[in-house]
Number of protein chains: 2
Amino acid sequence: MTEAQHVQDAQNPEATESAPPVAPRGGRRGRPAATIYDIAKLAGVNPSTVSRALSKPGRINVKTEERIHAAAKELNYRLNPMARALPTGRTSSLGLLLADITNPMFFNVVRGAESAASMRGYTLLLAESQESSEREAAAAERLSPSVDGLVLVTSRLSDEQIVDLAAQRPLVVINRKVHGVPGIVPDIEPGIEQALAHLGGLGHTSIAFVSGPENSWMNRARWAALLDRAPALGMTIVEIGPGKPTLEGGATTLARVVAAGVTAVLAYNDLMAIGLMRAAQESGLDVPGELSIIGFDDIFGSDFTSPQLSTVRTPLGAIGDQAVRLIMRLIDEEAGGPPPLESDQPLVTEFVVRGSTGPAAR
Amino acid sequence: MTEAQHVQDAQNPEATESAPPVAPRGGRRGRPAATIYDIAKLAGVNPSTVSRALSKPGRINVKTEERIHAAAKELNYRLNPMARALPTGRTSSLGLLLADITNPMFFNVVRGAESAASMRGYTLLLAESQESSEREAAAAERLSPSVDGLVLVTSRLSDEQIVDLAAQRPLVVINRKVHGVPGIVPDIEPGIEQALAHLGGLGHTSIAFVSGPENSWMNRARWAALLDRAPALGMTIVEIGPGKPTLEGGATTLARVVAAGVTAVLAYNDLMAIGLMRAAQESGLDVPGELSIIGFDDIFGSDFTSPQLSTVRTPLGAIGDQAVRLIMRLIDEEAGGPPPLESDQPLVTEFVVRGSTGPAAR
DNA sequence: CCCGGTTTGTCAACCGGTTGCCAAAATTGG
DNA sequence: CCAATTTTGGCAACCGGTTGACAAACCGGG
């Protein structure tokens, strides 16, 4: 019998000598990673003492503790996170759920989150919903049992679904407000106010909002703020959309933008703004000569275009960072720690003037 | 006593009735998530039978299996991945280690990897090394015990470190070749050949390579290929660098590029190319009139610039996808499954002509 | 109706940590 | 020098699954 056909002959009755262990001891790799039992044997103490020495500094006699640490170092010991998670329920990892990884808006959010998490010894589990609420729900289900908390970035889930999820474990939503669920939302007012003032100063009186996904909370929030402020500043405003929050989504609105006869548009996000700008230029329209365009977020690449895109900047990195810090506070609080007290600095948006806005064509 | 001050009175001595379990049963949330024991009770069978019914279809009587599935559904059961991972050693998750999350080159790699992973029921753990080999090593250590395999994307580790890591568990490197370690590397030759032919056709005879990080394998590979091919096509070529693989890294080489008197440059990646192009334009140099610029990768935004960037496209999404598929083959193989047989389609690069290249200034 | 062979489900051990409880050892004080 | 108190470390149970071994139940055939 060759060594290769290792399975198949299971019910062999004379396999009585020293039954092999359940798993092939670390998957036929080098030796099987030290455990606290190995350390205990080497240091001549009980495994529970090792556990305490390693995770409850001070609980154990200094001399013993030193001996154990030395043994651990010698064996190159690494704690098995899964073994710890089982009895304690704490996994030291966070789930991050994104609508679309390739949308540059997420880059900085992810980076901010990753750095805040790894600084505190937490690991990030990543999942993408590709703008689909079913996939997002499935991903949340999948991640949920393995994490201490969940961060939803521009979720496409319904409020009820989010509330249900939040009932199971600590959860923070980004760019959305859901009643009773902690969320991180930048203050969009200042940026919008500045953007509208800028347009007003350039003589624009008739503008449009190219809107994004219908089920995006942030999309509605931006539109609501514009609807509230634009008339107050003496401008008329119309909504064009909804559309996909992508380059194509922006490009396909061109005909309607032109038809609406507006002199300036704000798009739901930079991607749509850039898509629209390129479509406009391809059809011979001058930006900003004949049409001023403003985006949202100030994503990577928004200053690559020609003209560079004027946009309402969102502090994306800070958002990711604060979301993670907030969820860790929730986790600590739930574990019986002190209630949160430190409050984070506010997240404000700001209008960035670049080249895609100019005097209104009359 | 208000409901809010929930802790603080721990050492209460008369807490003798029914000692609470170790963990507060799911962290004072709604009920504690069903286990196979709950299902067993409900279905009137042994827990081990439940385990088999759920993970070894066919091992159990159809009727019993149905009953168990019904009970599982009723209790809204989710398997606890950690509890499974402990005895089996299989975690169903993969670690992805990136040099820099904000570099757009990773977006598509991550997306390809995430989609391949989630399709197979795997979860991605993400870590960033921020271009530092120490941080990368630390992150690998941290992730390693929790994953079935590791994917290193443009690693900044030394070959030895990578070999050591690969000895511990399945590992795949992207954009790098390390002896004895499986890797996914696109074939850079075709794209480079096409790019050089393109430049040659435009009359360029003196070109430069703006190089990236010294410890980047791919940087050396690109330079080596250029060094090999350019003279064969009758061009002289010089290396300028090394530099950081960022916009600034590219911009700061401008003086040296100009001083070198070349008419065209290839940059290590699109980011550097774009940085260089912008610096050139700011200093009044015409691109491509006075200097032709070519990047590598074709990242998001490389066609936003004006002129749009000519670049050697790398199939980033396919790379992420294949890396994950490869590592899953390694995992299966190690678990005693069949050896890999299907071979993936080749990953070739291709030159994309856009606007940043033109006839040589003479 | 009995026998050998196959299905089916139970038992119990195990993965690698954590922690409540307790007893032995060390320390303090009178 | 002994009682009271505090430190220290061991025992054993537990987290939620998986799996080898085994026995009971079931099957068809002679």
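Any value given below was found using the heavy atoms of this structure, including those in side chains, with hydrogens, waters and symmetry copies removed. In what follows, every chain begins at residue 1, and chains take the letters A, B, ... in the order their sequences are listed.
When the side chain to side chain donor-acceptor pair (under 3.5 Å) test is applied to Ser48(B), the partners found at least two apart in sequence or on another chain are Asn46(B). Under the side chain to side chain donor-acceptor pair (under 3.5 Å) criterion, Asp164(B) pairs with no residue at all, not counting sequence neighbours. Legend: residues meeting side chain to side chain contact (heavy atoms under 4.5 Å, CB included) with Pro145(B), ordered by chain and number and at least two apart, are Pro81(A). The salt bridge (Lys or Arg N to Asp or Glu O under 4.0 Å) search around Glu128(B) returns Arg111(A), not counting sequence neighbours.
Of all the heavy atoms in Val181(B) and Ala166(B), the pair that sits closest is CG2-CB, 4.0 Å. Of all non-hydrogen atoms in Asp38(B) and Ala33(B), the two that sit nearest each other are OD2-O, 4.2 Å. Closest non-hydrogen pair, Ser158(A) versus Arg176(A), comes out as C-NH2, 3.6 Å.
The side chain of Thr35(A) lies closest to dG16(C), out of dG16(C), dC15(C), dT19(D). Residue Arg52(B) places its side chain closer to dG20(D) than to any other of dT18(D), dG16(C), dG20(D).
Atom CG of Leu157(A) and atom CZ of Arg135(A) lie 13.0 Å apart (nearest 0.5 Å). Separating the CG atom in Leu75(B) from the OG1 atom in Thr35(B) is a distance of 9.0 Å, to the nearest 0.5 Å. Rounded to the nearest 0.5 angstrom, Phe106(B) CZ and Asp100(B) CG are separated by 6.5 Å.
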Filtered N/O pairs between nucleotides 24-26 of chain C and protein, under 3.5 Å:
none

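Of the possible polar contacts, none joining the Arg78(A) side chain to the Glu141(B) backbone as a donor-acceptor pair under 3.5 Å is found.
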Would you be so kind as to tabulate the donor-acceptor pairs closer than 3.5 Å made by side chains of residues 92-99 of chain A, with sequence neighbours excluded?
from     : atom 1 : to        : atom 2 : distance (Å)
Ser93(A) : OG     : Thr91(A)  : OG1    : 3.2
Ser93(A) : OG     : Ser146(A) : O      : 3.1

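Between the CD1 atom of Ile39(B) and the P atom of dG17(D) there is a distance of 8 Å, rounded to whole Å. Distance CG (Leu86(A)) to C1' (dC14(D)): 9 Å, rounded to an integer number of Å. Put simply, OH on Tyr37(A) is 10 Å from C1' on dA12(D), counting in whole angstrom units.
Contacts between residues 66-85 of chain B and DNA chain C, defined by a heavy-atom separation below 4.0 Å, involve no residue at all. Residues of residues 42-50 of chain A having a heavy atom closer than 4.0 Å to DNA chain D, listed by number: Val45(A), Asn46(A), Ser48(A), Thr49(A). Contacts between residues 53-62 of chain A and DNA chain D, defined by a heavy-atom separation below 4.0 Å, involve Arg59(A), Ile60(A), Asn61(A), listed by number. Residues from residues 137-146 of chain B with heavy atoms under 4.0 angstrom of DNA chain D: there are none.
Ser144(B) and Arg169(B) are linked by a side-chain donor-acceptor pair at a separation below 3.5 angstrom, with hydrogens and angles left out of the test. Using modelled atom types and a 3.5 Å distance limit, the side chains of Arg156(A) and Ser132(A) yield no donor-acceptor pair.
For the pair Ile36(B) and Thr64(A), nearest-nucleotide mapping onto DNA chain D gives the more 5' position to Thr64(A).
Screening residues 59-72 of chain A for side-chain hydrogen bond (donor to acceptor under 3.5 Å, both in side chains) gives no qualifying pairs among residues at least two apart or on separate chains.
Fit an axis to the five pairs at each end of the helix from dC1(C)-dG30(D) to dG30(C)-dC1(D) and the two axes sit 40° apart, to the nearest 10 degrees.
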